[in-house]
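Here is the structure we will look at, set down as structure tokens.
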Amino acid sequence: MRILIVEDDSALRSSLVTQFSAAGFNVDSAADGEEAMYCGREYPLDLAIIDLGLPKLPGMEVIRRLRAEGKSFPVLILTARDQWQDKVEGLQAGADDYVVKPFHFPEVLARVQALLRRATGWTQSVMQAGPIALDTRTQTVTVSGTSVELTGFEYLVLEHLMYRAGEIVSKTDLIERLYAQDYDRESNTIEVFIGRLRRKLDPEDTYRPIETLRGRGYRFTLERKAAQLGST
Ligand code: CA
């Protein structure tokens, strides 16, 4: 998933960039409100984390403008501890959730994952479809209860396809959202990853979780399992 981090404190910004990258996200960052507007308009983002106190254009105004332009990705705001009015105003401007500074990274990560799940119609941190269960917290995958060894990138491809189960995801979209900017963008490597995923998830070619739509992209085909009471 591709996320934008907008924070003018350079130490905090680079720490968030490092930690989200290590957690498997493709991360863009901006140090002021104008740069944030540029990234929000130009990049195919899945989510943005926006600090409210920003140079050039306040975070609140960035959110208002992006929403006015029809950008619907989830927005998580960073606020100072005692400024409850900011939380209210931020949510009213179109933010979806907030984290209070100073925070611990696991809290920000959990909120980001929850927002991404909700935005894509999944309610639980374990996404289940057919015999496949993908746990977004541990980044592990099982098929019919047996764990499947995926490389980090194979996991990300599967996670992205499952987040958007039932939809066609183009090769370009996968590349733009999953590869870091400096990655060699050879689109045929996506085909290699999809091929490996298919062999690992469905070695007998029985339930065909990933469909190829020639010239259009890929689609995760299995039905999402409805939420079960009592599970996580
Ligand atoms: Ca700030």
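All residue numbers in this chain count up from 1 along the given sequence. Numbering of ligands and ligand atoms starts at 1, following listing order.
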The Ca ion (ligand 1) is nearest to which N, O or S atom of Asp8? OD1

Within one Ile-Leu-Val-Met-Phe-Trp-Tyr cluster: Tyr207 and Leu150, side-chain cutoff 4.5 Å: yes

At less than 3.0 Å, would any N/O/S atom of Leu52, backbone or side chain, sit next to the Ca ion (ligand 1)? no

Would you call Glu176-Arg2 a salt bridge at under 4.0 Å N-O? no

Asp51: which N/O/S atom is nearest the Ca ion (ligand 1)? OD2

Criterion side chain to side chain donor-acceptor pair (under 3.5 Å) against Arg164, the qualifying member of Thr120, Asp46, Asp173: Asp173

Before accepting this row, confirm whether a basic side-chain N of the pair Glu149/Lys200 lies closer than 4.0 Å to the acidic partner's carboxylate O. no

